[in-house]
Peer 1: 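Structure below; questions to follow.
The chains referred to below are lettered A, B, ... by the order of the sequence lines, with proteins before strands, and numbering in each begins at 1.
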2 protein chains.
Amino acid sequence: MTQEEAAQQLARHRQSIDEIDRRIVACLNERATVVEHIGRVKQQMTMPVYEPKREEDVFRNVTENNPGPMPSDAVRRVFERIIDEMRTLQRIRMQNAANAEKGS
Amino acid sequence: MTQEEAAQQLARHRQSIDEIDRRIVACLNERATVVEHIGRVKQQMTMPVYEPKREEDVFRNVTENNPGPMPSDAVRRVFERIIDEMRTLQRIRMQNAANAEKGS
């Protein structure tokens with residue numbers, strides 16, 4: 001493989017990665033929207049935001065549906081971060097909603 | 001909303017999340033496969049695995065293509081984890097390849 005061929009291959013692979021990453025971003029936002037719907041239902045019913053059993057279901061779903069090559073513990077760590085970010089987002093939204101309520 | 005209606009809505013939303021999560025897992029594995037291709041090109045050409053400039057391009061791609069509701073700093077943190085896990089995977093693979101080489 002010449003330097004030029006290698007550079008071309010890398011460029012092509014990086015385009016693929018950028019395209020995959022944009023799909024992941026779309027999925028994250030789709031997920032955040034559903035999490036917001038769940039938050040509203042829970043708020044209306046005064047249910048707890050944090051449910052450890054449900055989190056275990058989420059981890060089970062992703063590790064049982066993981067064909068690789070990503071190891072399942074790596075997939076789990078990525079989802080720990082995703083869930084953590086979603087929880088932070090939900091907390092901010094609920095705080096804002098509560099403040100808006102107070103202000104109205 | 002009755003308790004039963006709330007439970008039904010939550011169940012439906014959770015099904016959506018599980019389906020989105022399986023799509024994310026598929027993307028992560030697709031990404032890991034492309035990263036392996038990149039690793040092989042780099043190994044053949046004895047190029048460095050870690051390229052900070054490329055990582056910044058990855059973060060720029062995902063934050064510039066983020067319509068929300070996920071804040072861009074949250075998206076960036078999720079991708080920091082993804083990149084970190086991919087790097088670990090690549091290191092393990094290269095180590096295994098080197099060991100196989102030694103053994104042959």
Peer 1: Can you tell me which portion of Q44(B) sits under 4.5 Å from chain A's heavy atoms? Options are side chain, backbone, both or neither.
Peer 2: side chain

Peer 1: Could you check whether D73(B) pairs with R77(B) (Lys NZ or Arg NE/NH1/NH2 to Asp/Glu carboxylate O, under 4.0 Å)?
Peer 2: yes

Peer 1: Identify whether the distance between the nearest side-chain nitrogen and carboxylate oxygen of R76(A) and E56(A) falls below 4.0 Å.
Peer 2: yes

Peer 1: Less than 4.0 Å between a side-chain N and a carboxylate O, is that true for R60(B) and D21(A)?
Peer 2: no

Peer 1: Mind ranking V35(A), V58(A), V62(A) by heavy-atom pairs under 4.5 Å with chain B and telling me who comes out on top?
Peer 2: V62(A)

Peer 1: Considering only heavy atoms, which portion of M1(B) lies under 4.5 Å from any heavy atom of chain A: side chain, backbone, both, or neither?
Peer 2: both

Peer 1: Please classify the contact between I38(B) and chain A as side chain, backbone, both or neither, with a heavy-atom cut-off of under 4.5 Å.
Peer 2: both

Peer 1: Taking E30(B), M70(B), R54(B), R31(B) one by one, which has the highest count of heavy-atom pairs under 4.5 Å against chain A?
Peer 2: R54(B)

Peer 1: Does E51(B) come within less than 4.0 Å of K42(B), counting only side-chain N to carboxylate O?
Peer 2: yes

Peer 1: Between A74(B), P69(B), A32(B), which residue shows the highest count of heavy-atom pairs closer than 4.5 Å to chain A?
Peer 2: P69(B)

Peer 1: Below 4.5 Å from any heavy atom of chain A, which atoms of S72(B) appear? Answer side chain, backbone, both or neither.
Peer 2: neither

Peer 1: What part of E5(B) gets within 4.5 angstrom of chain A, counting heavy atoms only: side chain, backbone, both, or neither?
Peer 2: neither

Peer 1: Count the heavy-atom pairs under 4.5 Å between each of T88(B), V75(B), T33(B), V78(B) and chain A, then report the option with the highest count.
Peer 2: V78(B)

Peer 1: Before accepting this row, confirm whether a basic side-chain N of the pair K53(A)/D57(A) lies closer than 4.0 Å to the acidic partner's carboxylate O.
Peer 2: yes

Peer 1: Could you look at S16(B) and say if it's the side chain, the backbone, both or neither that has a heavy atom under 4.5 Å from chain A?
Peer 2: side chain

Peer 1: R14(B) versus chain A, heavy atoms under 4.5 Å apart: side chain, backbone, both or neither?
Peer 2: both

Peer 1: Any salt bridge between R87(A) and E55(A), counting N to O under 4.0 Å?
Peer 2: yes

Peer 1: Highest number of heavy-atom pairs under 4.5 Å with chain B: which of D84(A), I92(A), I82(A), T63(A)?
Peer 2: I82(A)

Peer 1: Flag the one option from R22(B), E80(B), E36(B) with the top tally of heavy-atom pairs under 4.5 Å to chain A.
Peer 2: R22(B)

Peer 1: Any carboxylate oxygen within less than 4.0 angstrom of a Lys/Arg side-chain nitrogen, looking at R81(A) and E85(B)?
Peer 2: no

